4 protein chains.
Amino acid sequence: MAAVLRSSRYLVGGCSKHVTFAFASTRSMASKTQVGFVGLGNMGNPMAKNLLKHGYPVIATDVFPESCKEVQELGAQIVDNPKADRIITMLPSSPNVIDVYTGPNGILKKVKKGSLLIDSSTIDPSVSKEMAAAAEKMGAVFMDAPVSGGVGAASSGKLTFMVGGAEEEFTAAKELLSCMGANVVYCGQVGTGQAAKICNNMLLAIGMIGTSETMNLGIRLGLDPKLLAKILNMSSGRCWSSDTYNPVPGVMEGVPSGNNYQGGFGTQLMAKDLGLAQNTATNTRTPVPLGSLAHQIYRMMCARGYASKDFSSVFQFLREEEGQ
Amino acid sequence: MAAVLRSSRYLVGGCSKHVTFAFASTRSMASKTQVGFVGLGNMGNPMAKNLLKHGYPVIATDVFPESCKEVQELGAQIVDNPKADRIITMLPSSPNVIDVYTGPNGILKKVKKGSLLIDSSTIDPSVSKEMAAAAEKMGAVFMDAPVSGGVGAASSGKLTFMVGGAEEEFTAAKELLSCMGANVVYCGQVGTGQAAKICNNMLLAIGMIGTSETMNLGIRLGLDPKLLAKILNMSSGRCWSSDTYNPVPGVMEGVPSGNNYQGGFGTQLMAKDLGLAQNTATNTRTPVPLGSLAHQIYRMMCARGYASKDFSSVFQFLREEEGQ
Amino acid sequence: MAAVLRSSRYLVGGCSKHVTFAFASTRSMASKTQVGFVGLGNMGNPMAKNLLKHGYPVIATDVFPESCKEVQELGAQIVDNPKADRIITMLPSSPNVIDVYTGPNGILKKVKKGSLLIDSSTIDPSVSKEMAAAAEKMGAVFMDAPVSGGVGAASSGKLTFMVGGAEEEFTAAKELLSCMGANVVYCGQVGTGQAAKICNNMLLAIGMIGTSETMNLGIRLGLDPKLLAKILNMSSGRCWSSDTYNPVPGVMEGVPSGNNYQGGFGTQLMAKDLGLAQNTATNTRTPVPLGSLAHQIYRMMCARGYASKDFSSVFQFLREEEGQ
Amino acid sequence: MAAVLRSSRYLVGGCSKHVTFAFASTRSMASKTQVGFVGLGNMGNPMAKNLLKHGYPVIATDVFPESCKEVQELGAQIVDNPKADRIITMLPSSPNVIDVYTGPNGILKKVKKGSLLIDSSTIDPSVSKEMAAAAEKMGAVFMDAPVSGGVGAASSGKLTFMVGGAEEEFTAAKELLSCMGANVVYCGQVGTGQAAKICNNMLLAIGMIGTSETMNLGIRLGLDPKLLAKILNMSSGRCWSSDTYNPVPGVMEGVPSGNNYQGGFGTQLMAKDLGLAQNTATNTRTPVPLGSLAHQIYRMMCARGYASKDFSSVFQFLREEEGQ
């Protein structure tokens with residue numbers, strides 16, 4: 001109970017895992033019908049496994065047959081085009097989502113009326129809205145539910161889901177998503193899940209580059225990096241990148257900066273999310289000067305060989321090369 | 001005691017006010033000799049008052065005679081050029097500090113050997129180093145000790161001091177600074193107090209503009225601002241500007257955004273601090289792309305009439321004007 | 001003739017008006033069949049008039065009936081959906097183009113095989129490619145031919161057309177475009193006309209903001225603005241914005257800066273083009289740091305009331321307000 | 001003659017070399033007294049040689065004795081501290097200038113009344129003003145006269161000098177400077193020579209990065225680089241970096257981009273000049289958003305190994321590495 005209270009300070013919707021499961025269990029006998037799953041990549045694979053662990057029959061597919069092996073061994077049925085009352089999709093980008101839903105062999109071609117379609121891909125919110133409109137025409141319900149947290153959180157079932165769509169469908173979505181995530185946050189109408197994800201990652205990128213610049217400047221001015229981090233973290237410069245994921249090697253343990261920027265969240269993925277943020281800002285005519293520059297810096301890093309390093313490697317990118 | 005231990009995780013120097021005062025009182029009889037104070041502006045005035053409250057005889061001056069009235073009524077002696085074993089200066093900018101210390105009628109012209117000179121102005125760290133070198137020639141000790149926290153913290157004696165200078169002099173400096181601040185942090189050699197201050201404020205500015213862009217974008221994408229702030233604050237976008245000083249009117253209470261951006265920390269002052277950050281970055285050849293753009297945005301705001309509004313008014317600056 | 005040869009160094013396609021017209025006249029009797037024209041706005045109207053002046057029968061349409069009056073009085077036939085072997089479209093943005101070509105009542109629904117469709121709108125090159133693919137399916141040819149030069153150049157028939165599409169169709173396109181423009185430049189495969197237009201305008205925006213910053217800085221440093229412009233124009237700082245369209249009032253005559261930034265090329269239109277540049281850069285993962293910041297600055301200007309002023313008003317935006 | 005007078009409004013001095021020399025020769029017998037020269041680096045060396053070639057006795061010095069050899073062999077007298085009625089200085093940065101003029105063994109310690117001191121270093125204009133004030137106290141005249149044009153122009157005597165200082169001294173300064181440069185431009189009061197130089201180089205940097213981004217984007221969008229350069233150069237995107245010093249290998253001959261970015265104007269030197277621009281902008285509270293970002297990009301390039309490449313190598317920096 002203490003744990004619940006503590007976490008409820010953070011959780012919008014207050015859905016502690018414990019409470020959700022208690023609730024889910026009262027109806028699980030009835031509801032544990034087949035769940036379709038499309039996209040068994042680095043994220044989709046552990047997500048589908050967690051559905052299986054929670055007792056849901058999973059009927060899955062992926063364009064790469066080898067990606068299907070693990071979940072198949074755990075009991076999932078592999079088909080070309082999963083038909084189910086509830087389908088979850090986890091795909092790399094907007095064009096994939098458009099194809100999987102509205103393509104010639106897409107989900108919407110033969111979807112049952114009343115089906116619940118949950119897309120956990122990170123894509124342009126305007127595409128989510130298009131898919132929702134297309135689903136509605138077929139009598140189905142589409143919700144966007146992008147995640148935060150990486151492969152580790154996907155494996156341990158501790159993702160955060162940001163969900164957009166009809167409020168009356170949120171309970172049904174949450175039942176499934178709670179098997180894969182620790183937090184399931186309702187954000188508003190369809191597309192707002194994407195919006196929340198994109199907004200968070202834009203501010204994250206700004207904070208990370210800002211922290212890297214600041215730490216680098218402080219070090220050049222003679223400050224000890226650990227001391228500087230402590231001062232920032234007790235002051236108004238504090239942010240997630242300074243106190244939880246510090247980009248300077250040696251300041252914190254257990255973060256990519258301590259492991260030559262391996263693992264974590266790749267620079268290329270951050271550049272992709274910032275591209276989405278830029279697109280939505282351009283479409284809505286919203287000035288985002290720092291977000292825009294952050295995007296450009298991550299693009300320059302990709303051009304200079306940092307694509308697969310963790311996004312905190314911007315500290316290394318900005319630092320003078322040895323021997324200069 | 002638990003409180004002390006806990007706070008010591010944050011406070012470098014670990015000087016909880018309580019502990020410091022207990023310590024100070026055992027030697028205060030001996031040490032409460034005159035303290036000089038130069039610069040009785042918005043910040044210097046309440047700081048000098050707190051010295052008086054703690055029983056220190058204060059001998060003060062300011063270029064504006066009317067600024068001296070209040071502390072004079074509280075018992076301070078007003079002179080042209082305060083001579084004392086310990087002098088604190090609180091001045092607007094680098095040229096003022098240079099003039100007050102090394103000008104024709106400056107402190108260093110007749111300083112006693114062994115004097116402790118503490119400058120709480122926010123200035124270029126290279127100027128602090130110059131002053132320290134000049135003081136050393138005269139047999140005196142110069143430390144930089146800029147503050148964070150505004151007029152409110154100055155009045156309530158809850159400033160944070162970031163102190164640079166010889167470590168063996170820190171105890172003596174802390175005795176005085178503890179009368180005016182809740183945290184007194186030792187940062188390293190002379191100039192590092194300024195460095196820490198400048199670094200923090202640069203990251204603060206980046207976080208504030210980033211938060212403003214992000215909140216504005218989210219609102220345009222259909223998110224409720226309070227909900228977006230909650231999501232950011234439980235996620236990796238979290239920063240001081242999002243969780244403690246949110247720039248969007250209505251999201252938080254008791255912050256300038258709720259009061260038409262009055263009070264708080266003026267845009268012009270932030271622009272000045274970012275100018276110092278830019279200068280130190282240029283001098284040390286350190287790239288600070290976001291810090292640099294943040295500087296430029298605050299300069300543009302000053303040019304467009306925002307100079308005296310709180311620096312969180314960048315949210316308003318980026319937002320579309322009504323009727324557009 | 002010397003002039004023609006000289007100019008051919010500059011003109012890609014080398015089409016001096018004189019030469020082009022001489023050429024056109026030899027086949028004009030045969031070729032002056034009906035030309036369709038869709039989009040009679042500020043640009044489309046004078047363009048259609050120039051076609052009429054050159055003896056082409058024009059069959060036109062616009063969503064706003066009142067926009068059709070002038071060309072109707074000059075002899076154009078107004079219809080709902082112009083059918084002709086050659087159709088020119090001049091529309092505000094990508095969605096309009098998609099709708100006019102592929103919408104339920106679109107040009108491609110009943111296009112004749114072998115028709116030449118020329119789109120002079122400024123849109124995303126990827127949309128041009130989509131339209132070309134859709135036209136090809138119907139047996140028609142689509143070319144993109146965006147213009148540079150504003151309403152004045154459209155009226156006097158002195159636009160520059162940047163043309164993308166099958167090279168073997170260029171001669172046919174040039175016959176029509178030469179009636180409306182002084183330069184018709186072949187850029188490459190479909191979409192490259194848009195690419196050239198977008199690239200030019202991105203560099204133009206960068207040059208204009210750069211010139212404005214530089215002139216403002218020089219003035220503050222004590223330089224006479226006319227003298228500074230002269231020095232830049234004889235040196236490596238020279239650019240079109242400094243030597244042909246200077247943004248500082250009083251430096252040049254006959255430019256919007258001398259007329260309170262009225263007329264010219266509106267800030268909002270520049271922001272739109274920079275949005276296209278940003279989109280294409282994001283889609284191709286190309287870093288464009290200054291182009292991106294230029295986009296953001298024009299977005300901020302739109303938010304602060306500069307939307308309909310000429311884009312050289314960025315000088316005014318950056319300058320300190322009077323009375324500050 | 002009319003032409004000369006007219007052009008003198010522009011070139012201020014305007015003076016074709018021929019005319020200047022004809023003029024100079026009529027008084028050279030009288031005026032060719034000793035000229036002091038301090039700073040015989042890459043630029044100072046050929047400049048001093050040109051003075052010798054024009055018949056001026058040169059008395060020179062440099063902190064590196066080996067730098068003095070060449071001019072000594074050509075007849076210059078090498079001394080520790082050259083005393084002469086006219087002295088020219090050509091030094092790397094502001095601190096060097098301060099030291100050479102006002103240091104313990106500086107020029108101003110024993111300067112003759114009425115001496116003309118011309119500083120061709122590129123430094124902060126506020127330092128030029130300080131030096132002028134210090135010289136005035138000693139009865140001497142100080143002018144700032146920074147150059148544009150690199151080592152090649154210095155060797156061939158084709159530099160451009162931008163001169164600030166008392167107008168009545170300009171003729172005397174021009175007599176000497178004309179031996180080393182093709183253009184000698186009077187800019188206004190002391191410091192304005194530096195201001196003009198700094199402004200030009202800031203706009204140059206913006207134009208170069210902008211051209212590089214634009215060319216890179218166009219190439220990715222399928223445009224031929226030579227064709228794109230031609231289109232820009234006949235359009236409003238035209239600038240010195242696109243039409244005279246194109247950064248894309250293969251577009252032009254005889255520029256550093258054709259020679260692996262060797263030779264030319266080093267990235268580190270550009271970063272230094274942009275640092276000066278940033279300092280003057282900060283000191284005068286002038287927003288220079290693109291100038292500021294250009295500065296940061298050149299700083300990042302220095303940190304990534306581009307310090308000694310020509311500044312047009314920003315095209316390479318922004319481009320994707322091979323194999324990515």
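In this text the structure is predicted, and so the values were computed from the model without any measurement. Sequence lines set the chain letters: A, B, ... in the order given, protein chains first and strands last, and positions in each chain run from 1.
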Aromatic centroids of Phe311(B) and Tyr245(B) separated by under 6.0 Å: yes
Between Thr286(B), Leu204(B), Leu290(B), which shows the greatest number of heavy-atom pairs under 4.5 Å with chain A? Leu290(B)
Using a cut-off of under 4.5 Å for heavy-atom pairs, which of Gln189(B), Arg220(B), Arg285(B) has the most such pairs with chain A? Arg220(B)
Relative to each other, are the rings of Tyr306(B) and Phe317(B) parallel, tilted or perpendicular (30° and 60° limits)? perpendicular
Counting heavy-atom pairs under 4.5 Å to chain B, which of [options] comes out on top?
options	result
Ala277(A), Ala294(A), Ala205(A), Cys187(A)	Cys187(A)
Gly188(A), Cys239(A), Cys199(A), Ala195(A)	Cys199(A)
Gly237(A), Gly291(A), Ser236(A)	Ser236(A)
Ser235(A), Ser241(A), Gly149(A)	Ser235(A)
Asp224(A), Asn283(A), Ile198(A), Asn216(A)	Asn216(A)
Gly207(A), Ala281(A), Pro289(A)	Pro289(A)

Side chains of Gln278(B) and Thr282(B): any donor to acceptor distance under 3.5 Å? yes
Modelled atom types, side-chain donor and acceptor of Thr244(A) and Arg238(B), under 3.5 Å: yes
Given side chains that start at C-beta, do those of [X] and [Y] come closer than 4.5 Å, heavy atoms only?
X	Y	value
Glu213(B)	Pro287(A)	no
Val185(A)	Phe161(A)	no
Thr267(A)	Asp310(A)	no

Let me know if Thr160(A) has heavy atoms under 4.5 Å from chain B in its side chain, its backbone, both or neither. side chain
Name the region of [X], side chain, backbone, both or neither, that has any atom closer than 4.5 Å to a heavy atom of chain A.
X	result
Asp243(B)	side chain
Met162(B)	side chain
Leu232(B)	both

Checking Ser120(B) side chain against Ala145(B) main chain: does a donor-acceptor pair fall under 3.5 Å? yes
